[in-house]
Amino acid sequence: MFSRHAKDRSRSGAPAAIRAEGGAPTLVLALCISVFYPLAHANEWSGNVALEVRAFAQEGAPQQQRTYYSLAAQPEYYHKWDDGEQSFTFVPFARVDRYDAERTHLDVRELTWLHATATHEWRVGVRKVFWGVTEAQHLVDIINQTDALENPDGEDKLGQPMVNLALIRTWGTLDLFVLPGFREREYPGVAGRPRLPLPVDTGQTSFDSSREQQHIDAAARWRKTLGDWDVGLSYFSGTGRDPRLALGLDNNSAPVLAPHYDLITQTGLDVQATLGAWLWKLEAIRRTGQGPSYNATTGGVEYTFSNLAESGIDAGMISEFLYDSRGSAAPTPFQNDVMFGGRLAFNDEQSTELLLGAIFDTQSNTRLYSVEGSRRIGAQWKLSVKARAYVAVAPDDLLYSQRNDDTLQVELARYF
């Protein structure tokens with residue numbers, strides 16, 4: 001729900017997932033750890049291995065558990081040459097989940113060649129591209145498919161095959177994208193949590209395009225800093241990343257949800273103004289092709305109290321408004337909502353950070369609360385905590401299926 005990119009808009013990437021069944025992912029994960037961990041002594045290797053525990057406050061549906069355990073590994077290989085003008089990055093990823101077989105998966109997060117000069121940059125391969133400035137949601141961020149297996153907040157993304165040319169000029173930077181190969185969204189299984197009230201049958205997936213996953217998409221974005229203002233204008237044409245879910249039947253005549261991917265066009269604007277201690281943020285889009293054309297906007301402010309009471313702590317207060325012109329017909333729970341939040345950066349040796357937030361539906365009493373925190377332990381360990389709570393969720397709210405999914409997630413990662 002809340003942006004991890006607000007302070008770290010760094011490169012990263014993710015392409016086609018390789019799914020394996022049974023003990024294969026466990027074996028590959030063990031191999032990743034045993035092979036890549038010793039290689040961390042080489043300057044070009046880095047990464048982490050993480051243990052994650054998710055605990056739910058309430059009982060779930062049949063086959064769902066109260067506590068989930070998983071283990072993940074994400075090594076990274078980086079090499080540059082020609083005095084840094086060219087580089088290669090490879091980031092594989094593997095997760096093994098104790099109960100949800102769908103969440104047990106292998107992936108290549110990034111596989112990218114970069115050639116950079118003072119006037120242009122070529123990037124070819126698979127990577128992630130982040131666009132956006134607001135906290136509660138990222139309307140303009142459309143290049144990559146959401147990784148719904150990793151987290152329900154929409155922050156995690158799959159990598160996208162692409163050819164990207166960035167033209168760097170005095171009038172700004174223009175990024176041009178050719179995006180071959182579409183990636184479908186994966187969903188938690190019946191034992192997964194949280195999940196939708198009905199299983200999603202990806203075997204019944206349909207597309208507007210007769211080329212289906214082979215449709216070639218295109219995108220462009222211009223960005224420039226104008227004094228205190230960072231401005232981005234974007235355009236996307238191709239297969240929409242957000243599927244429409246229609247009611248269907250599986251082979252046993254049981255009800256399921258069948259995804260359909262529309263051909264869309266989207267124009268977007270993102271603006272951030274840094275005015276002293278104030279940050280003014282706006283994301284706005286207009287999309288056509290996914291049903292009737294619509295507009296959506298997220299905007300707000302953040303004010304930072306630096307060195308609060310001479311403690312060395314920076315405290316930020318955040319407020320945003322989320323709007324979608326489709327109203328109650330929108331396939332998102334955030335079509336007329338207000339978000340309030342706070343950010344604490346302790347600026348200590350352990351890089352302790354805390355982010356708190358709440359989203360209130362202005363047309364009902366539905367509230368969603370979120371807490372995220374992290375702290376380094378020593379030189380190579382990091383502890384991260386996330387908590388989400390759903391309060392007074394209205395029966396007609398899209399969050400209703402998650403009303404009993406209050407979650408505490410703890411992750412301990414070892415970096416090398």
Side-chain angles (χ1 to χ4, degrees), residues 5 9 11-17 89 108-117 119-133 137-147 154 156-169 171-185 205-224 230-244 259-271 283-297 331:
H5 303 281
R9 308 188 192 281
R11 60 167 177 79
S12 187
T89 305
V108 178
R109 292 301 197 193
E110 186 168 354
L111 186 67
T112 307
W113 167 75
L114 165 66
H115 181 263
T117 71
T119 59
H120 68 272
E121 296 176 350
W122 281 100
R123 292 178 174 87
V124 180
V126 179
R127 55 188 289 259
K128 284 200 297 186
V129 176
F130 174 75
W131 300 343
V133 294
Q137 63 179 350
H138 305 302
L139 295 172
V140 300
D141 191 32
I142 194 173
I143 293 290
N144 298 88
Q145 178 62 270
T146 297
D147 187 350
D156 293 277
K157 300 290 183 176
L158 303 177
Q160 170 65 45
M162 69 177 63
V163 177
N164 170 211
L165 170 62
L167 302 175
I168 306 169
R169 302 291 190 269
W171 41 261
T173 298
L174 178 63
D175 274 291
L176 303 172
F177 298 87
V178 177
L179 309 169
F182 174 77
R183 300 196 63 192
E184 296 181 39
R185 186 173 299 186
T205 299
S206 59
F207 295 83
D208 272 0
S209 172
S210 61
R211 300 195 64 191
E212 299 184 342
Q213 295 98 327
Q214 303 308 313
H215 185 273
I216 297 177
D217 305 333
R221 182 171 184 258
W222 170 82
R223 52 192 165 91
K224 185 174 175 59
D230 295 314
V231 181
L233 292 171
S234 57
Y235 176 81
F236 174 90
S237 177
T239 303
R241 276 41 182 166
D242 303 319
R244 288 188 290 126
H260 178 80
Y261 293 93
D262 302 281
L263 285 176
I264 68 166
T265 60
Q266 176 177 301
T267 53
L269 167 69
D270 59 278
V271 179
E283 293 187 31
I285 64 168
R286 179 168 179 79
R287 180 178 293 186
T288 62
Q290 195 170 27
S293 300
Y294 71 94
N295 305 310
T297 304

Discussion item. Is it the case that the side chain of R169 and the backbone of T119 share a donor-acceptor pair, with hydrogens and angles ignored and the cut-off at 3.5 Å?
Written reply: yes
Worksheet item: Taking all non-hydrogen atoms of both residues, which atom of P161 and which atom of P180 are closest, and how far apart?
Response: CB-O, 3.3 Å
Worksheet entry | R244 with D262: basic N within carboxylate O range, under 4.0 Å | yes
Worksheet item: Taking it one step at a time, do K224 and T173 satisfy side chain to side chain donor-acceptor pair (under 3.5 Å)?
Response: CA-CA 6 Å; K224 185 174 175 59; T173 298; over 6 Å; no
Worksheet item: Going through the checks in order, is the side chain to side chain contact (heavy atoms under 4.5 Å, CB included) test met by F177 and V129?
Response: CA-CA 10 Å; F177 298 87; V129 176; 3.9 Å; yes
Item to complete: Check the pair T265, S237 against side chain to side chain donor-acceptor pair (under 3.5 Å), reporting the backbone distance first and the verdict last.
Response: CA-CA 4 Å; T265 60; S237 177; over 6 Å; no
Item to complete: Check whether any side-chain heavy atom of H115 sits under 4.5 Å from a side-chain heavy atom of H120, and report yes or no.
Response: yes
Fill in: Separation of E184 CD from T239 OG1 (nearest 0.5 Å)
10.5 Å
Worksheet item: How long is the span from the CG atom in D147 to the CG atom in L158, to the nearest 0.5 Å?
Response: 4.5 Å
Worksheet entry | Criterion side chain to side chain contact (heavy atoms under 4.5 Å, CB included) on Q213 and F207, from CA distance to verdict | CA-CA 8 Å; Q213 295 98 327; F207 295 83; 3.9 Å; yes
Discussion item. For a quick check under 3.5 Å, do D208 and H260 share a side-chain donor-acceptor pair by atom type?
Written reply: yes
Worksheet entry | Polar side chain donor-acceptor pair, E283 to T297, under 3.5 angstrom | no
Worksheet item: For residues Q145 and Q160, is any side-chain donor paired with an opposing acceptor at under 3.5 Å?
Response: no
Worksheet entry | CD1 on I285 to CD1 on I264, rounded to 0.5 Å | 8.0 Å
Worksheet item: Ion pair present between R221 and D270, side-chain N to carboxylate O less than 4.0 angstrom?
Response: yes
Worksheet entry | Nearest heavy-atom neighbours spanning Y261 and G240 | CD2-O, 3.3 Å
Worksheet entry | Gap separating the OG1 atom of T267 from the CZ atom of R286, nearest 0.5 angstrom | 7.5 Å
Worksheet entry | Electrostatic pair D217-R241, nearest N-O below 4.0 angstrom | yes
Item to complete: Side-chain contact test, heavy atoms from C-beta onward, threshold under 4.5 Å: evaluate it for Q266 versus T288 and give yes or no.
Response: no
Worksheet entry | Sole residue of T112, N164, T89, N144 in side chain to side chain donor-acceptor pair (under 3.5 Å) with R127 | N164
Worksheet item: In this structure, which one of V178, I143, V126 forms a side-chain contact (heavy atoms from CB on, under 4.5 Å) with M162?
Response: I143
Worksheet item: Of all heavy-atom pairs between A296 and Y294, which one has the smallest distance, and what is that distance?
Response: CB-CE1, 4.2 Å
Worksheet, complete the sentence: Closest non-hydrogen contact found for S234 with V140 is OG-CB, 4.4 Å
Discussion item. What I'd like to find out is whether the side chain of W222 reaches to under 4.5 Å of the side chain of W171, using heavy atoms alone.
Written reply: yes
Practice prompt. Walk me through it: do F182 and E212 pass the test side chain to side chain contact (heavy atoms under 4.5 Å, CB included)?
Written response: CA-CA 8 Å; F182 174 77; E212 299 184 342; over 6 Å; no
Fill in: D242 bridged to R185 by N-O distance under 4.0 Å
yes
Discussion item. Working to the nearest 0.5 angstrom, can you tell me the gap between S293 OG and R287 CZ?
Written reply: 11.0 Å
Worksheet item: Are the side chain of E121 and the backbone N or O of A166 linked by a donor-acceptor pair below 3.5 Å?
Response: no
Worksheet item: Are side-chain heavy atoms of W131 and I142 found at a separation under 4.5 Å?
Response: yes
Worksheet item: Should W122 and V163 count as side-chain neighbours, where that means a heavy-atom distance under 4.5 Å?
Response: yes
